[in-house]
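Residue numbers count from 1 along this sequence. Numbering of ligands and ligand atoms starts at 1, following listing order.
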Amino acid sequence: MLDFTDRATLPDAPREFGFWSDGSWHKGGALFERRSPGHGVPVTLTPRCTVDDLNAAVAAARRAFEDRRWAGLPGADRAGVLLRTADILRRRRDEIAYWEVLENGKPISQARGEIDHCIACFEVGAGAARLLHGDSFNSLGDGLFGMVLREPVGVVGLITPWNFPFLILCERIPFILASGCTVVVKPSEVTSATTLLLGEILSEAGAPDGVYNVVTGSGRTIGQALSEHPDVDMLSFTGSTSVGRSCVHAAADSNFKKLGLELGGKNPIIVFADSDLEDAADGAAFGISFNTGQCCVSSSRVIVERSVAREFEDILAAKMAKIVVGDPLQTKTQVGAITTDAQNSTILSYIDKGKAEGARLVAGGQALDLGGGQYIAPTLFSGVTPGMSIARDEIFGPVLSSFHFDTVEEAIGLANDTVYGLAASVWTKNIDKALVVTRRVRAGRFWVNTIMAGGPEMPLGGFKQSGWGREAGMYGVEEYTQVKSVHIEVGKRAHWIK
Ligand code: NDP
């Protein structure tokens with residue numbers, strides 16, 4: 001019996017999972033072995049599903065949608081399922097967090113906090129299920145009444161990444177289900193366990209069979225087949241901009257399925273000389289180190305007013321040096337392991353590029369040998385110029401680039417000098433400057449004197465090449481609907497043929 005509390009240890013043998021389709025577990029053929037990135041030992045075995053398995057799951061989701069076992073329920077009943085799911089998650093919080101840690105490498109304290117956020121997502125989703133409504137037009141003249149109905153899009157395909165396997169799932173599933181849609185999820189092959197567990201949790205909470213299905217396997221086979229599937233009405237994808245682009249092509253080449261995309265970011269944090277520099281430095285250190293910087297909203301570019309740049313960077317470097325990097329199962333750990341070998345190599349190659357391109361290394365800059373896993377010290381480069389690759393590319397690791405500015409216009413120009421527009425923040429005690437920058441920086445999420453704050457009531461999504469559409473809150477549930485204009489004649493219709 002595994003212990004999921006603070007005494008948690010590694011499993012003696014990897015746990016084997018089936019895949020979840022049409023309300024029950026199914027055995028797959030070949031298995032994928034996942035090794036814990038923090039410890040280097042095998043922890044889970046998940047099925048390498050076939051395209052036939054995917055087709056069966058899509059067919060189950062289609063049946064569950066068309067016979068109205070879910071969409072036909074009152075919103076209050078869908079809300080009941082979502083609220084009971086929140087209760088079960090509360091009960092199984094430490095267990096879900098445990099598998100997140102073992103497959104992803106994130107620290108256990110952070111993982112538990114993420115499950116709390118997931119519980120809130122289900123509660124907000126329950127509210128959304130009850131509040132979702134259309135509109136009416138009482139302005140079309142006495143002879144006509146107009147209604148705008150919001151209807152579920154249908155069968156949704158959901159492709160999620162490895163950086164926040166359960167959190168990103170839960171920022172979407174409650175809202176997809178609140179709308180009345182059914183869903184087939186394809187998690188990243190390296191972090192499938194908790195997405196699979198949600199199947200049995202939703203079932204226990206009363207979700208009808210076929211409403212939530214999970215098909216595991218690689219992106220290139222199962223992900224690609226899901227994005228091309230002619231019987232999927234909408235695809236929600238979170239991941240890299242390059243795969244997001246391939247999803248757009250797949251949607252166009254198959255059935256013009258509706259798309260929601262949350263892609264990369266190269267997020268600025270603007271620090272004015274009049275800010276509380278200690279606060280701003282703490283925000284910057286957190287913004288780049290949280291989840292080892294493997295976060296679409298990581299603040300990877302700090303843009304600091306030149307008059308305080310040196311002072312600010314010294315405070316920031318001192319804070320970064322104090323971050324506790326280490327075994328993700330230890331509750332004191334703040335930064336855990338890098339999730340995949342490929343990502344580890346990518347991050348280290350960008351650190352080498354930063355050095356080679358002439359940026360000044362102020363903190364970190366190396367892999368850490370902590371035994372068993374792959375760890376990288378939170379890293380700060382100063383004197384970064386806009387042409388450098390560390391200034392432009394999404395590194396997706398704990399590597400922060402510092403730029404300097406003299407005027408508000410220059411700060412805004414640097415912040416917007418990216419193809420991305422996911423998130424941004426500004427730090428100042430001057431309300432005018434805060435509002436000017438908030439209005440002019442092009443990003444879907446914005447923070448003033450804080451960072452990565454918020455809850456599932458607020459919409460998530462990006463400008464520019466960071467994506468299409470919004471997730472979470474009422475905006476999120478509406479993404480999974482389409483509107484139908486209904487025109488009702490009042491009284492006798494005037495005849496066309498006299
Ligand atoms: P991907 O975009 O490849 O992976 C995201 C999801 O898409 C995973 O479930 C993956 O499955 C799946 N996938 C992969 N190929 C296809 C395909 N052809 N069709 C459909 N689905 C597919 O990201 P990576 O894991 O390769 O990470 C690369 C970079 O992407 C990172 O360095 C980072 O810059 C960015 N990224 C951004 C994220 C964000 O939150 N915005 C999240 C993750 C990555 P599988 O993993 O099983 O192959």
Q. What's the verdict on side-chain hydrogen bond (donor to acceptor under 3.5 Å, both in side chains) for Gln465 and Thr241, showing C-alpha distance, side-chain angles and the deciding distance?
A. CA-CA 7 Å; Gln465 291 187 34; Thr241 299; 5.6 Å; no
Q | Ionic contact status for Arg172 with Glu262, cut-off 4.0 Å | A | yes
Q: Give a yes/no on ligand 1: does Ile159 have at least one heavy atom closer than 4.0 angstrom to it?
A: yes
**Q.** Any donor-acceptor N or O pair under 3.5 Å, side chains Ser218, Thr221
**A.** yes
Q. Which atoms of ligand 1 have any heavy atom of Gly217 under 4.0 Å away?
A. 47 (O)
Q. Which atoms of ligand 1 are found less than 4.0 Å from any heavy atom of Ser188?
A. 9 (O), 45 (P), 46 (O), 47 (O)
Q: Begin from the C-alpha positions of Glu189 and Arg48 and carry the test salt bridge (charged side-chain N to carboxylate O under 4.0 Å, His left out) through to its verdict.
A: CA-CA 8 Å; Glu189 184 164 46; Arg48 285 213 144 125; 2.9 Å; yes
Q: Closest by any non-hydrogen atom to atom 10 (C) of ligand 1: pick that one out of Glu189, Lys186, Arg245, Gln343.
A: Lys186
Q: Report the part of Ser218 (side chain from C-beta onward, or backbone N, CA, C, O) that has a heavy atom under 4.0 Å from ligand 1; answer both or neither where that applies.
A: backbone
Q: Specify whether the nearest protein heavy atom to atom 26 (O) of ligand 1 is under 4.0 angstrom away.
A: no
Q: Please work out whether any backbone atom (N, CA, C, O) or any side-chain heavy atom from C-beta onward of Thr160 is under 4.0 Å from ligand 1, and answer side chain, backbone, both or neither.
A: backbone
Q.
Between Lys266 and Arg301, is there a side-chain heavy-atom distance shorter than 4.5 Å?
A. yes
Q. What protein heavy atom sits nearest atom 38 (C) of ligand 1, and how far off is it?
A. Phe396 CZ, 3.4 Å
**Q.** Protein contact of atom 24 (P) of ligand 1 - nearest heavy atom, named by residue and atom, plus distance
**A.** Trp162 NE1, 3.7 Å
Q: Identify, for atom 13 (N) of ligand 1, the protein heavy atom at the shortest distance, and state residue, atom and that distance.
A: Gly219 CA, 3.4 Å
Q. Should one rank Asn291, Leu263, Thr238, Val243 by closest heavy-atom distance to atom 22 (C) of ligand 1, which comes out on top?
A. Val243
Q.
Tell me whether ligand 1 is touched by Phe237 - counting only heavy atoms on the residue side and a distance under 4.0 Å.
A. yes
Q: Please write down residue, atom name and distance for the protein heavy atom closest to atom 43 (C) of ligand 1.
A: Pro161 CB, 3.5 Å
Q.
One pair to check against side-chain hydrogen bond (donor to acceptor under 3.5 Å, both in side chains): Thr44 and Glu103. What are the steps and the verdict?
A. CA-CA 8 Å; Thr44 54; Glu103 287 197 332; 2.6 Å; yes
Q.
List the residues meeting side chain to side chain contact (heavy atoms under 4.5 Å, CB included) with Val124, not counting sequence neighbours, and say none if there are none.
A. Phe175, Pro456, Glu457
Q.
Under 4.0 Å between a side-chain nitrogen and a carboxylate oxygen: does that hold for Asp209 and Arg63?
A. no
Q) To which protein heavy atom is atom 18 (N) of ligand 1 closest, and what is the distance rounded to 0.1 Å? A) Gln224 OE1, 2.9 Å
Q.
Checking the N or O distance criterion of under 3.5 Å, is ligand 1 in contact with Cys296?
A. no
**Q.** Atoms in ligand 1 with a heavy atom of Asn163 nearer than 4.0 Å
**A.** 40 (O), 42 (C)
Q.
Quick test: of every protein heavy atom, which one is nearest to atom 35 (C) of ligand 1, and how far off is it to 0.1 Å?
A. Glu394 OE1, 3.5 Å
Q: Mind running side-chain hydrogen bond (donor to acceptor under 3.5 Å, both in side chains) on His229 and Asn55 for me, showing each step along the way?
A: CA-CA 8 Å; His229 206 291; Asn55 290 339; 3.0 Å; yes
Q: Tell me, please: is Ala250 in heavy-atom contact with ligand 1, that is, under 4.0 Å?
A: no
Q. Do Ile173 and Leu158 have side chains that get closer than 4.5 Å, going by heavy atoms?
A. yes
Q. Which residue holds the protein heavy atom closest to atom 20 (C) of ligand 1, what is that atom called, and what is the gap in Å?
A. Gly223 C, 3.2 Å
Q. What do you think, any protein heavy atom under 4.0 angstrom from atom 4 (O) of ligand 1?
A. no
Q: Using heavy-atom distances, let me know which of Ser240, Cys247, Gly467 sits nearest atom 1 (P) of ligand 1.
A: Ser240
Q) Taking the six-membered ring of Phe32 as reference, does the NZ or CZ atom of Arg34 fall below 6.0 Å from its centre and within a 45° cone about the axis? A) no
**Q.** Pair Asn267-Tyr420, side-chain donor/acceptor within less than 3.5 Å
**A.** no
Q: Determine, using ring centers only, whether Trp162 and Phe396 are less than 6.0 Å apart.
A: yes
